[in-house]
Student: 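The following block contains the structure, expressed as structure tokens.
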Amino acid sequence: METEMKYNIYLNDGHSIPVLGLGTYKQNISNLKNILHSSVNAGYRLIDTASVYNNQKIIGEFIKESGINREELYLTSKVWNDQHENVSSSLESTLDELQTDYIDLFLIHWPASKGGNFIKAWEDLIQLRKKGVIRSIGVSNFSTRQIKLLINLTGEAPAINQVEIHLRNQQKELISDMSAMGIIVQSWSPLWTGNLTAREKTSLARMAHEHGKSIAQITLGWHIRNNLCAVPKTSKIDRLFENMDIFNITFTEADELFLSSLNRDRKIMEYPDDYI
């Protein structure tokens, strides 16, 4: 059974998105420009950030200083919970910090119901997309029920749902639901393999060795094999290049069964009660 891995995938709005991007959450600010420079050299074109990460100014400075053609990059950002009623100003601030006149993908960061109004935020995103300052719109950390609510109330489906997916939290039902609605799923913290048993670690290491890859490469390959996009984070230059070298992995049926067996529905982050 051969794995078909693509560098880009098309969204339901006709735009395409790189299947692999650079996550910047909690990246060391003092070293971020160096990481960004190396990531571009490694072949990354998608940079994932958010207003709450407090690093958009650094990213904007990097883009300006690097001389990279803006059209070569894919920039993702997110509107925070307390800005659901002020999406336009949140976007304006993001564009100013990133030093660009449009964003490739703008997401509602969380479906907060207390202190937030994600329905209003979604309606505003639809209008901003029509103005051309956003190319694609989506959500992050939304359940199937929440997305169905958005669609029922506005008639517009997100292009992306960015959620926590890794080998310990594979979210198979959610992925299936999103696929049925034509929504691409993008994984955050895709490399997390916490609490593996000694036997599982040994088996995973053996599989990686058999493929001539690292455990991280096997893990990212699993995401791509399941038609997921992913935004792994690393501050190590060699890992940046390593993570990009995953598009030639061929998984056997036994490989896929083993990787699937690692699921425990275990999340890194439990969602607060005010997220419906």
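Starting from 1, each residue takes its place in the sequence as its number.
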Student: Of all the heavy-atom pairs spanning S140 and L107, show the shortest one and how long it is.
Tutor: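 Closest heavy-atom pair between S140 and L107: CB-CD1, 4.3 Å.
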Student: Measuring from atom CD1 of I215 to atom CG of L204, what distance do you get when rounded to the nearest 0.5 angstrom?
Tutor: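 Rounded to the nearest 0.5 Å, the CD1-CG separation comes to 4.5 Å.
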Student: Regarding T49 and N55, do their side chains bring together a donor and an acceptor under 3.5 Å, going by distance alone?
Tutor: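 The criterion, which ignores hydrogens and geometry beyond distance, is satisfied for N55 and T49.
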Student: Parallel, tilted or perpendicular, judged at 30° and 60°: which one describes the rings of Y25 and Y53?
Tutor: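 If you compare the ring of Y25 with that of Y53, the planes turn out tilted.
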Student: Keeping to residues at least two apart or across chains, list the salt bridge (charged side-chain N to carboxylate O under 4.0 Å, His left out) pairs with something in residues 72-97.
Tutor: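 Listed once each, the pairs are D48-K78.
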Student: Heavy-atom distance under 4.5 Å between the side chains of L46 and L22, does that happen here?
Tutor: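 L46 does not reach L22 side chain to side chain.
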Student: Check K33 with E65, please: is the shortest side-chain N to carboxylate O separation under 4.0 Å?
Tutor: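 Answer for the salt bridge query: yes.
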Student: Looking only at non-hydrogen atoms, find the nearest pair between L11 and S136 and report the distance.
Tutor: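 Looking at all heavy atoms of both residues, the closest pair is CD1-OG, 3.6 Å.
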Student: Measure the CD1-CG distance between I58 and L32 for me, rounded to the nearest 0.5 Å.
Tutor: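 Rounded to the nearest 0.5 Å, the CD1-CG separation comes to 6.5 Å.
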Student: Using a strict 4.0 Å threshold on nitrogen-to-oxygen distance, state whether D255 and R225 make a salt bridge.
Tutor: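 Salt bridge between D255 and R225, a charged N being under 4.0 Å from a carboxylate O: no.
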Student: Hey, does L125 have a side-chain heavy atom less than 4.5 Å from the side chain of L91?
Tutor: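 They are not in contact (no side-chain heavy atoms under 4.5 Å apart), so the answer is no.
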Student: Where do Q56 and S77 land on the side-chain hydrogen bond (donor to acceptor under 3.5 Å, both in side chains) test, with the steps shown first?
Tutor: CA-CA 9 Å; Q56 293 186 148; S77 189; 2.4 Å; yes
Student: Determine whether I29 and I59 fall in the same hydrophobic cluster, where Ile, Leu, Val, Met, Phe, Trp and Tyr are linked whenever their side-chain heavy atoms lie under 4.5 Å apart.
Tutor: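 Shared cluster, yes.
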Student: May I ask you to check whether over 12 heavy atoms, not counting those of R239, lie within 6.0 Å of atom CZ?
Tutor: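 Not buried by this count: 12 neighbours or fewer within 6.0 Å.
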Student: Y7 and L105: same hydrophobic cluster, using ILVMFWY side-chain contacts below 4.5 Å?
Tutor: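 In one cluster: yes.
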Student: Can you see whether K233 engages N243 through a side-chain donor-acceptor pair at a distance of less than 3.5 angstrom?
Tutor: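 No pair is found: no donor N or O on one side chain lies under 3.5 Å from an acceptor on the other.
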Student: Can you measure from CD1 (I108) to NZ (K120) and round to the nearest 0.5 angstrom?
Tutor: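 Going from the CD1 atom of I108 to the NZ atom of K120 covers 11.0 Å.
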Student: Determine whether T94 and F106 satisfy the following criterion, side-chain contact (heavy atoms from CB on, under 4.5 Å), listing intermediate values before the conclusion.
Tutor: CA-CA 10 Å; T94 289; F106 207 46; 4.1 Å; yes
Student: Look at R168 together with D265 and state whether they make a salt bridge at an N to O cut-off of under 4.0 Å.
Tutor: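 No, R168 and D265 are not salt-bridged.
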Student: Where the side chain of S39 meets the backbone of L36, is there a donor-acceptor pair that is under 3.5 Å apart?
Tutor: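 Judged by distance alone, yes, a pair lies under 3.5 Å.
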Student: Should the pair E200-R264 be classified as a salt bridge under the 4.0 Å nitrogen-to-oxygen rule?
Tutor: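 R264 and E200: salt-bridged.
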Student: Without swapping roles, check the side chain of E164 against the backbone of N169 for a donor-acceptor pair under 3.5 Å.
Tutor: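 Here the side-chain-to-backbone pair does not exist.
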Student: For the pair S89 (side chain) and N86 (backbone), establish whether a donor and an acceptor sit closer than 3.5 Å, ignoring hydrogens and angles.
Tutor: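 Side chain of S89 to backbone of N86, a donor-acceptor pair under 3.5 Å: yes, one is there.
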Student: Nearest 0.5 angstrom please: H84 NE2 to D124 CG, how far?
Tutor: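 Reported value, rounded in 0.5 Å steps: 10.5 Å.
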Student: The test is side-chain contact (heavy atoms from CB on, under 4.5 Å); show your working for I237 and N34 and say whether it passes.
Tutor: CA-CA 9 Å; I237 304 303; N34 184 42; 4.1 Å; yes
Student: Assess the side chains of S189 and H166: does a donor N or O sit below 3.5 Å from an acceptor N or O?
Tutor: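 No donor-acceptor contact under 3.5 Å links the two side chains.
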Student: Does N141 form a side-chain hydrogen bond (donor to acceptor under 3.5 Å, both in side chains) with W188? I'd like the steps, not just the answer.
Tutor: CA-CA 10 Å; N141 305 303; W188 60 261; 2.8 Å; yes
Student: Does H209 NE2 have over 12 foreign heavy atoms under 6.0 Å away?
Tutor: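 Atom NE2 in H209 is not packed in, count stays at 12 or less.
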Student: Determine whether F62 and V40 make a side-chain contact, defined as any pair of heavy atoms from C-beta on separated by less than 4.5 Å.
Tutor: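 Yes. Closest side-chain heavy atoms under 4.5 Å.
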Student: If hydrophobic clusters are built by linking Ile, Leu, Val, Met, Phe, Trp and Tyr wherever their side-chain heavy atoms come under 4.5 Å apart, do L220 and I268 end up in the same one?
Tutor: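 Not linked; separate clusters.
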Student: Treating R266 as the side-chain partner and L167 as the backbone partner, does any N or O pair qualify as donor plus acceptor under 3.5 Å?
Tutor: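 Judged by distance alone, no pair lies under 3.5 Å.
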Student: Show the nearest heavy-atom pair for residues W122 and P158, with the distance to one decimal.
Tutor: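 The answer is CH2-CA, 3.5 Å.
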Student: When you check the side-chain N and O atoms of S214 and E242, is any donor under 3.5 Å from an acceptor?
Tutor: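 Yes.
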Student: So, for I9 and C229, which heavy atoms are closest and what is the spacing to 0.1 Å?
Tutor: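 Closest heavy-atom pair between I9 and C229: CG2-SG, 3.7 Å.
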Student: Does the salt bridge (charged side-chain N to carboxylate O under 4.0 Å, His left out) test come out yes or no for K172 and D177, once each step is laid out?
Tutor: CA-CA 9 Å; K172 297 176 184 179; D177 290 342; over 6 Å; no
Student: What are the two closest heavy atoms between D245 and K213, and how far apart are they?
Tutor: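 Residues D245 and K213, closest heavy atoms: O-NZ, 3.0 Å.
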Student: Do you reckon Y102 sits in the same ILVMFWY cluster as I68, going by side-chain contacts under 4.5 Å, direct or chained?
Tutor: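 Result: no, two separate clusters.
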Student: Kindly indicate whether the side chain of I165, heavy atoms from C-beta on, has any atom under 4.5 Å from the side chain of Q186.
Tutor: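 Sidechains of Q186 and I165: no contact.
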Student: Same hydrophobic cluster for L153 and V139, using side-chain heavy-atom links shorter than 4.5 Å among ILVMFWY?
Tutor: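 Linked within one cluster.
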Student: Which is it for Y44 and L240 under the side-chain contact (heavy atoms from CB on, under 4.5 Å) test, yes or no, and what are the steps along the way?
Tutor: CA-CA 9 Å; Y44 291 82; L240 285 170; 4.0 Å; yes
Student: Using a strict threshold of under 4.0 Å (side-chain N to carboxylate O), is an ion pair present between E156 and R129?
Tutor: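 Answer for the salt bridge query: yes.
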Student: When rounded to the nearest 0.5 angstrom, what is the spacing between CD1 in I175 and CE in M178?
Tutor: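 Those atoms lie 10.0 Å apart.
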Student: Heavy atoms, side chains only, cut-off 4.5 Å: are L95 and D101 in contact?
Tutor: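 Side-chain contact under 4.5 Å: no.
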Student: Going through the distances and angles, do F118 and F142 end up as a side-chain contact (heavy atoms from CB on, under 4.5 Å)?
Tutor: CA-CA 10 Å; F118 65 83; F142 273 58; 3.6 Å; yes
Student: Check whether any side-chain N or O of R199 sits under 3.5 Å from a backbone N or O of T202 as a donor-acceptor pair, and report yes or no.
Tutor: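 Absent.
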Student: Just so I know, are the side chains of L75 and I63 near enough to count as touching, which here means a heavy-atom distance under 4.5 Å?
Tutor: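 In contact.
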Student: To check you understand the geometry: which heavy-atom pair defines the closest contact between E123 and T154, and what is its length?
Tutor: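 Distance-wise, the nearest heavy atoms are CG-CG2, 3.9 Å.
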Student: Do NZ/NE/NH1/NH2 and the carboxylate oxygens of E71 and R135 come within less than 4.0 Å?
Tutor: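 So E71 pairs with R135 through a salt bridge.
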Student: Do any N or O atoms from the side chain of Q162 and from the backbone of S187 form a donor-acceptor pair under 3.5 angstrom?
Tutor: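 No, Q162 side chain to S187 backbone: no donor-acceptor pair under 3.5 Å.
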Student: Compare all side-chain heavy atoms of H109 with those of V52 and state whether any distance is below 4.5 angstrom.
Tutor: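 Side-chain contact under 4.5 Å: yes.
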Student: Would you call S90 and W80 a side-chain contact if the rule is heavy atoms closer than 4.5 Å?
Tutor: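 Not touching, per the 4.5 Å side-chain cut-off.
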Student: Take a 6.0 Å sphere around NE2 of H211 and say whether it holds more than 12 heavy atoms from other residues, nucleotides or ligands.
Tutor: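 Correct, the count exceeds 12.
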Student: What distance do I17 atom CD1 and I184 atom CD1 have between them, rounded to the nearest 0.5 Å?
Tutor: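 Rounded to the nearest 0.5 Å, the CD1-CD1 separation comes to 8.5 Å.
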Student: Would the distance check show the side chain of Q217 and the main-chain N or O of G212 forming a donor-acceptor pair, the cut-off being under 3.5 Å?
Tutor: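 No, the answer is negative, given that no donor and acceptor are paired below the 3.5 Å cut-off.
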Student: Does the S260 side chain pair with the main chain of L257, one donor and one acceptor, at a distance under 3.5 Å?
Tutor: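 Side chain of S260 to backbone of L257: no pair is present.
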